[in-house]
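Each chain gets a letter, A, B and so on, in the order the sequences are listed, and its residues count up from 1. No hydrogens, no waters, no symmetry mates; every other heavy atom, side chains included, goes into these values.
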Amino acid sequence: MKFRRVKGTRDVLPREAAARRELEEKVFELLAPAGFHPVLTPTFEHYELYKRSTGESSDIVIKEMYRFQDMGGRDLALRPEGTPSVMRAVLENSIKLPARLWYVMPMFRQDKPQKGRYREHTQIGAEIIGEGDPQIDAELVKIGFDLFTSIGIHEMFIELNSIGCRECRPGYIKKLKDFLVQHADELCDDCRLRAERNPLRVFDCKQKSCQRILSDAPLQTDYLCPGCADHFSQVKAGLDIFQIPYEENPRLVRGLDYYSRTVVEFKSRELGAQDTVCGGGRYDYLMQEMGGPATPAIGFAFGVERALLASRGEDVFSSVQPGIPLLLLPLGDKAKPYCLDLLFKLREKGIGVQAEFRSGGLSRQLKRADSRNAEKVLIVGDKEIESGSFIVRDMGTGEQEELTFDELISGLVNT
RNA sequence: GUGGGUGUAGCUCAAUUGGCAGAGCACUUGACUGUGGCUCAAGAUGUUGGGGGUUCAAGUCCCCUCACCCACCCCA
């Protein structure tokens with residue numbers, strides 16, 4: 001085998017492709033009534049867009065982007081996540097706000113592939129732009145919850161936190177940094193680095209020793225300004241209206257720079273290490289940072305591959321040849337052009353039909369029909385062409401009936 | 001970028017202390033030239049992931065390399 005797929009990419013075979021379409025339908029059915037409209041953006045953008053929005057301290061920008069130059073010397077990158085592109089599109093096309101947009105688009109990140117994580121993957125995302133009330137946060141979380149429930153993801157739980165705003169976050173980060181410096185000699189090497197660059201990330205550390213120390217660390221929720229504290233408690237009050245299982249996780253931090261206030265993760269215990277199905281949060285400053293007017297916004301996104309893993313298990317990914325409703329079996333060379341003609345006369349009637357043009361006797365043709373998973377076959381030999389009466393055989397039951405050409409054309413429409 | 005595991009026929013996997021590379025499924029052909037699935041018979045399939053080394057002899061031992069899987073970092 002000479003050519004292989006590029007590391008971290010995958011082939012989506014018919015069975016999984018069908019499952020994806022189903023999933024997309026379900027998402028559409030849930031989002032459309034809530035006012036979401038579909039949107040598509042280019043697969044690549046100016047590198048600068050992601051650098052400025054996703055953030056220079058995010059791992060995506062630091063080491064995971066497919067960055068390249070085109071022949072005009074433009075500095076470009078394959079889209080690593082959807083939000084910056086969607087916001088750019090809103091701004092560039094002067095879309096009327098508030099707006100609700102959703103998308104299903106491929107994303108590209110050059111990190112090490114493992115279960116449920118690929119270098120090219122498909123994300124479905126939903127964004128509410130121009131609405132900042134806490135009820136919106138609760139609405140979006142509820143929509144997400146319903147969505148994952150409807151696609152059959154079990155053992156799901158929601159983690160929720162508020163990471164504050166411009167007013168209160170800097171003060172908290174300073175407090176946290178002071179704490180980390182104090183305990184620097186007890187932390188792992190990674191965490192000492194994090195303490196300098198991006199202190200919030202220490203909460204992601206899996207080291208038990210670090211976790212023990214961090215259990216005494218100051219928490220953002222204790223240092224929220226009155227505005228953020230009120231917002232957060234109203235989000236929770238909103239969620240309490242629904243019977244949604246969520247837990248506050250004061251150590252939940254997200255990897256992108258643009259988040260503020262509400263952050264949320266949807267997790268499933270059925271996924272192993274990659275247990276986050278969906279992440280999201282509020283990003284009230286992003287539009288302004290991109291040069292637009294101050295505009296509150298919130299959104300979530302999830303990976304289709306991971307969602308399918310969590311909802312259907314492995315069987316989704318096996319390859320299965322789909323069956324054929326009706327297969328024409330020509331016998332002899334004269335019957336072949338006749339079948340070719342018949343093929344399209346039947347398709348015009350909306351019948352799913354194919355023909356077996358490889359030569360062979362009836363026995364052979366039936367064997368082929370069997371291995372191709374045909375539900376019914378139509379036997380077309382010289383005898384049939386002459387008499388205008390054809391045998392339709394049900395490959396499941398073995399029952400046969402004889403139909404004239406006209407009966408065939410009209411009668412099969414109902415089968 | 002770091003660690004662990006696995007690479008043998010299209011697929012799932014065998015192969016004893018180093019000793020003729022095999023089975024099941026799938027495939028092709030025939031028994032059966034106008035009635036499939038079952039059965040029976042025959043057949044085809046490999047640079048044992050790649051390269052190098054040790055040896056009379058390597059799927060097996062050693063070194064290098066690549067790919068995939070799992071995990072870490074991080075994330076969807």
Which is true for [X] with a 4.0 Å heavy-atom rule: it touches a base, it touches only sugar-phosphate, or it touches nothing?
| X | result |
| --- | --- |
| A/Lys383 | base |
| A/Gln110 | nothing |
| A/Arg109 | base |
| A/Gly125 | nothing |
| A/Ile379 | base |
| A/Val377 | nothing |

Next on the checklist: Expressed as a whole number of angstroms, how long is the span from A/Leu362:CG to B/G37:P?
Outcome noted: 12 Å

Think [X] has a side-chain N or O under 4.0 angstrom from the OP1 or OP2 of [N]?
| X | N | result |
| --- | --- | --- |
| A/Lys115 | B/C69 | no |
| A/Gln123 | B/A76 | no |
| A/Arg5 | B/C68 | no |
| A/Arg364 | B/U35 | no |

In whole Å, what separates the [atom1] atom of [N] from that of [M]?
| N | M | atom1 | result |
| --- | --- | --- | --- |
| B/G7 | B/C13 | P | 10 Å |
| B/G22 | B/U45 | P | 12 Å |
| B/G51 | B/A58 | P | 14 Å |
| B/A14 | B/A23 | P | 16 Å |
| B/G59 | B/C27 | P | 31 Å |
| B/C61 | B/U28 | P | 38 Å |
| B/C20 | B/G30 | C1' | 30 Å |
| B/G36 | B/A21 | P | 41 Å |

Next on the checklist: Under a 3.5 Å distance rule, please check whether A/Asp11 uses its side chain to pair with a backbone N or O of A/Leu13 as donor and acceptor.
Outcome noted: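 The answer is no, because no donor-acceptor pair under 3.5 Å joins these two groups.
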
Next on the checklist: So does A/Arg5 get a backbone contact from the side chain of A/Thr9, meaning a donor-acceptor N/O pair under 3.5 Å?
Outcome noted: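 Such a contact is absent between A/Thr9 side chain and A/Arg5 backbone.
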
Next on the checklist: If we count only N and O atoms by modelled type, under 3.5 Å, do the side chains of A/Gln354 and A/Arg372 hold a donor and an acceptor together?
Outcome noted: yes

Next on the checklist: If we count only N and O atoms by modelled type, under 3.5 Å, do the side chains of A/Thr262 and A/Asp137 hold a donor and an acceptor together?
Outcome noted: yes

Is the base of [N] touched by the side chain of [X] through a donor-acceptor pair closer than 3.5 angstrom?
| X | N | answer |
| --- | --- | --- |
| A/Arg368 | B/G36 | no |
| A/Asp370 | B/G36 | yes |
| A/Gln400 | B/U35 | yes |
| A/Arg117 | B/C74 | yes |

Checklist outcome for this item: When A/Asp275 and A/Leu366 are each assigned the nearest nucleotide of RNA chain B, the 5'-most assignment goes to A/Leu366

Item to check | Contact nearer the 5' end of RNA chain B, comparing A/Lys367 with A/Lys112 | outcome: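 First, find each residue's nearest nucleotide; the 5'-ward one identifies A/Lys112.
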
Checklist entry - Got more than 12 heavy atoms from elsewhere within 6.0 Å of NZ, A/Lys236? => result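 Correct, the count exceeds 12.
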
Next on the checklist: Tell me if the OH atom of A/Tyr66 is crowded by more than 12 foreign heavy atoms within 6.0 Å.
Outcome noted: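 For A/Tyr66, atom OH is crowded (more than 12 foreign heavy atoms under 6.0 Å).
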
Which nucleotide sits closest to the side chain of [X]: [options]?
| X | options | result |
| --- | --- | --- |
| A/Leu331 | B/G36, B/G34, B/A76 | B/G34 |
| A/Asp111 | B/C72, B/U35, B/A76 | B/A76 |
| A/Leu256 | B/G36, B/A76, B/A71 | B/A76 |
| A/Gln114 | B/C27, B/C74, B/C73 | B/C73 |

Checklist entry - Of all residues at least two apart in sequence or in a different chain, which pass the salt bridge (Lys or Arg N to Asp or Glu O under 4.0 Å) check with A/Asp222? => result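 By the salt bridge (Lys or Arg N to Asp or Glu O under 4.0 Å) rule, A/Asp222 matches no residue at all.
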
Checklist entry - When you look for runs of 3 or more Watson-Crick or G-U pairs in a row, both distances below 3.5 Å, which of them include RNA chain B? => result B:1-7 with B:66-72, B:10-13 with B:22-25, B:27-31 with B:39-43, B:49-53 with B:61-65

Checklist entry - Restricting to pairs with a member in residues 253-274 of chain A, which pass ring-ring contact (aromatic ring centres under 6.0 Å, His included), not counting sequence neighbours? => result A/Phe148-A/Phe266, A/Tyr258-A/Tyr283

Item to check | Value rounded to 0.5 Å, distance of CZ in A/Phe44 from OH in A/Tyr50 | outcome: 10.0 Å

